2 protein chains.
Amino acid sequence: MSKVGGMEGNHILLDNPPLKEAYRFLRKGLAGKMLVFFIADCEVSYRGRARSYLSRGERLIVIKPDGSLLIHRDKGYEPVNWQPPDTVISTRLTDNHLLVKSVRKSVNEVVEIHIFDLKVLGCYRLKDIGTFTMYGREEDMKKAIEMFPSLIEEGFKVLRTERKVRPGFIDVFGVDSQGRLTVVELKSGTSSMDAVLQLKKYVDSLKKELGVTEIRGILASPRITKRGLQLLKTLKLEYKPLSPAKCLKYLERKKGLKL
Amino acid sequence: MSKVGGMEGNHILLDNPPLKEAYRFLRKGLAGKMLVFFIADCEVSYRGRARSYLSRGERLIVIKPDGSLLIHRDKGYEPVNWQPPDTVISTRLTDNHLLVKSVRKSVNEVVEIHIFDLKVLGCYRLKDIGTFTMYGREEDMKKAIEMFPSLIEEGFKVLRTERKVRPGFIDVFGVDSQGRLTVVELKSGTSSMDAVLQLKKYVDSLKKELGVTEIRGILASPRITKRGLQLLKTLKLEYKPLSPAKCLKYLERKKGLKL
DNA sequence: CGTGCCAGGTGCCAT
DNA sequence: ATGGCACTTGGCACG
């Protein structure tokens with residue numbers, strides 16, 4: 001069966017269109033800066049930082065108005081091939097197939113889709129002025145600590161956040177109740193040896209920069225791996241269990257809001 | 001206009017379906033382990049490691065047979081909300097909206113989509129037995145070096161790859177022309193201070209483990225940051241420019257293949 | 001299952 | 001542009 005719907009410029013929907021018709025409306029959708037999706041029997045090749053080849057089969061393909069491209073198989077969160085925003089999409093119809101090519105403007109990255117058949121083609125203009133808000137990331141932990149330094153420990157005071165050291169930034173820099181300088185490294189998830197080494201790096205950088213021999217280093221996160229904790233102790237650093245959830249509770253209390 | 005196509009079990013395509021009809025065929029598609037997509041006017045909430053709320057607007061939503069979920073706005077490579085594979089999808093129809101809920105089996109992560117209207121609903125069974133191959137990753141560099149150790153330097157010999165040290169693995173472990181033990185850390189992209197510290201960690205671990213005082217450390221990658229190079233020199237480590245592309249050329253030569 | 005680490009990571013923000 | 005880093009990172013391989 002073959003069916004066409006809503007081609008008055010509002011949207012386009014083609015059921016099992018012949019290549020030639022698909023080509024026509026695909027161009028129309030792309031030119032009209034619509035979100036375009038289709039299910040196609042296709043081959044895909046990628047060339048850029050690496051190279052890949054995907055042999056023939058049916059996939060869901062999405063092209064967004066900003067030039068981003070997604071090619072999804074029927075499994076997994078990640079697209080098998082893709083392009084981030086800012087690509088130029090071009091199309092070409094030959095005797096036996098339809099070529100869709102996406103070339104990234106800034107770097108040399110190209111994705112080519114050779115299409116032999118389409119199951120469906122849709123082009124839509126998404127009316128979407130919604131706002132997206134996210135809570136519980138490292139940034140929220142930082143905010144909470146600025147407002148409630150005791151989340152780290154009694155008597156802790158924040159001197160500043162995002163303090164620049166040689167390379168990188170210290171999440172929170174402060175002093176403890178004894179007046180000792182203290183570096184706090186925050187992780188919103190499980191912290192591992194990486195995080196410990198990061199903290200160590202900051203503490204050492206700062207010691208050097210300030211010419212101070214004693215600086216406390218505290219890693220604050222909801223969880224730490226066993227190896228991470230071992231390393232932490234070896235390096236004379238400290239661990240403070242602290243979850244984004246707890247920080248959010250404090251932030252809510254302050255704002256009087258339910259997030 | 002409203003149109004229905006291919007509901008004989010092969011696929012489903014509904015143009016601008018009423019909520020009730022969409023609900024019926026959505027359930028059918030999910031039950032039949034089909035890939036389901038739809039464009040919907042909806043609100044989205046997420047709760048898990050973090051929390052988020054996306055206010056009302058039109059988005060493209062994809063549900064795969066493996067339980068992965070993607071919610072895309074009309075911009076960007078990344079979905080605004082999502083679930084990786086292995087979620088349980090449930091649906092509920094109320095008077096004024098359709099609820100789609102995805103609950104992750106292993107961890108506590110829930111995405112809820114409140115749908116007020118659908119522009120289109122499609123359910124398809126993707127025939128896809130294609131193979132996906134990728135070239136130019138770190139693994140390919142490793143293979144090339146095993147076959148052509150001189151890619152590192154004249155006289156270099158590989159003892160083994162993926163050698164385990166305290167925590168982690170040394171990419172390539174070998175000896176140079178002077179018989180000195182050498183650790184090689186590979187990066188397929190630009191290497192930064194992180195990579196340098198990683199190499200340092202491996203060299204130190206190995207010195208300790210083997211009771212040797214002199215071990216060379218070579219970082220091989222197509223590019224290194226200025227700060228990375230500084231740190232590398234400070235730590236008496238070395239840099240060898242080497243790109244995945246060059247490695248691939250060698251591999252092709254060996255196999256007599258054009259990849 | 002936890003731990004470590006790569007990825008065409010992407011995205012954000014700083015210099 | 002380069003660089004440093006978080007991310008609901010996801011994904012894999014290995015103890």
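Since this is a predicted model, take the numbers as computed values, not measurements. Order of the sequence lines fixes the chain letters, A, B, ..., with proteins taken first and strands second; residue numbering starts at 1 for each chain.
Note on A/S52: nothing from the nucleic acid sits closer than 4.0 angstrom, heavy atoms only. Among the atoms of the strands shown, none is found under 4.0 Å from any heavy atom of B/E139. At a threshold of 4.0 angstrom between heavy atoms, the contacts of B/Y77 are confined to the sugar-phosphate backbone, with no base atom among them. Using a 4.0 Å heavy-atom criterion, one finds that B/Q83 contacts no nucleic acid atom at all. Using a 4.0 Å heavy-atom distance criterion, A/Q230 is classed as making no nucleic acid contact. Within the nucleic acid shown, B/P85 comes within 4.0 Å of sugar-phosphate atoms alone, with no base atom in reach, counting heavy atoms only. Residue A/T190 is classed as having no contact, given no heavy-atom separation below 4.0 Å to the nucleic acid. A/S188 comes within 4.0 angstrom of the backbone, heavy atoms only, and of no base. Residue contacts shown for A/E138 are limited to sugar-phosphate atoms, with no base heavy atom under 4.0 Å away. Using a 4.0 Å heavy-atom criterion, one finds that A/P84 contacts the bases of the nucleic acid, with or without backbone contacts as well. Base engagement by A/R104 is indicated by at least one non-hydrogen atom pair under 4.0 Å involving a base atom.
Across the interface with DNA chain C, nearest-nucleotide mapping of A/S191 and B/G136 shows A/S191 to be the residue nearer the 5′ end. Of the residues near DNA chain D, B/N81 and A/S106, the one whose nearest nucleotide (by heavy atom distance) lies more toward the 5' end is A/S106.
If you check D/dT8, D/dG3, C/dT3 against the side chain of B/T225, the one that comes closest is D/dG3. Side-chain proximity of A/R227 to D/dT8, C/dG9, C/dG4: nearest is C/dG4. Of the candidates C/dC5, C/dG8, C/dT3, the closest approach to any side-chain atom of B/Q198 belongs to C/dC5.
Residue B/S192 places at least one side-chain N or O closer than 4.0 Å to OP1 or OP2 of D/dG4. Between D/dT2 and B/K226, no contact under 4.0 Å exists linking OP1 or OP2 to a side-chain N or O. Note on B/Y202: every side-chain N or O is 4.0 Å or more away from OP1 and OP2 of C/dG4. Close to C/dT3, at under 4.0 Å from its OP1 or OP2, lies a side-chain N or O of A/R223. Here A/K201 reaches the OP1 or OP2 of D/dC5: one of its side-chain N or O atoms lies under 4.0 Å away. Within the structure, a side-chain polar atom (N or O) of B/R49 is placed less than 4.0 Å from OP1 or OP2 of D/dG10. Distances shorter than 4.0 Å separate none of the side-chain N or O atoms of A/W82 from OP1 or OP2 on C/dG9.
Contact check on B/K101 versus B/E112 returns a salt bridge, with a Lys/Arg side-chain nitrogen under 4.0 Å from an Asp/Glu carboxylate oxygen. Ion pairing between a basic and an acidic side chain is recognised when a charged N comes within 4.0 Å of a carboxylate O; A/R216 and A/E238 show such pairing. Ionic pairing of A/K143 and A/E139 is present here: one or more N-O contacts between side-chain nitrogen and carboxylate oxygen are shorter than 4.0 angstrom.
Atom CE in B/M134 sits about 5 Å away from atom P in C/dG8, given to the nearest Å. A/E78 places its CD atom 14 Å from the P atom of D/dT8, with the value rounded to the nearest Å. As rounded to whole Å, 11 Å separates atom C1' of D/dC5 from atom CE of B/M193. Rounded to whole Å, the distance from CE on A/M141 to C1' on D/dT8 is 15 Å. A/L229 places its CG atom 17 Å from the C1' atom of C/dG4, with the value rounded to the nearest Å. Between the CG atom of A/L54 and the P atom of C/dG8 there is a distance of 14 Å, given to the nearest Å. The nearest whole Å value for the distance from the CG atom in A/D171 to the P atom in C/dC13 is 16 Å. In this structure, the CD1 atom of A/I170 is 17 Å from the C1' atom of D/dA6, given to the nearest Å.
The aromatic rings of B/F37 and B/Y124 sit parallel, their planes meeting at an angle under 30°, below the 60° perpendicular limit. Taking the six-membered ring for Trp and thresholds of 30 and 60 degrees, B/H114 and B/H97 have ring planes inclined between 30 and 60 degrees apart.
With hydrogens and angles ignored, no donor-acceptor pair under 3.5 angstrom links the side chain of A/D194 to the base of C/dG4.
D/dT8 sits 23 Å from C/dC5 when the P atoms are compared, rounded to a whole Å. For the C1' atoms, the distance from C/dA7 to D/dC5 is 16 Å, rounded to whole Å.
C/dC5 has no stacking from B/F169 on its base ring, since the centres under 5.5 angstrom apart and planes within 30 degrees of parallel are not both found.
There is a side-chain donor-acceptor pair under 3.5 Å between B/S68 and B/D66.
Atom NZ of A/K75 has 12 or fewer heavy atoms from other residues, nucleotides or ligands within 6.0 Å.
The nearest pair of heavy atoms linking A/I152 to A/L242 is CD1-CD2, 4.4 Å.
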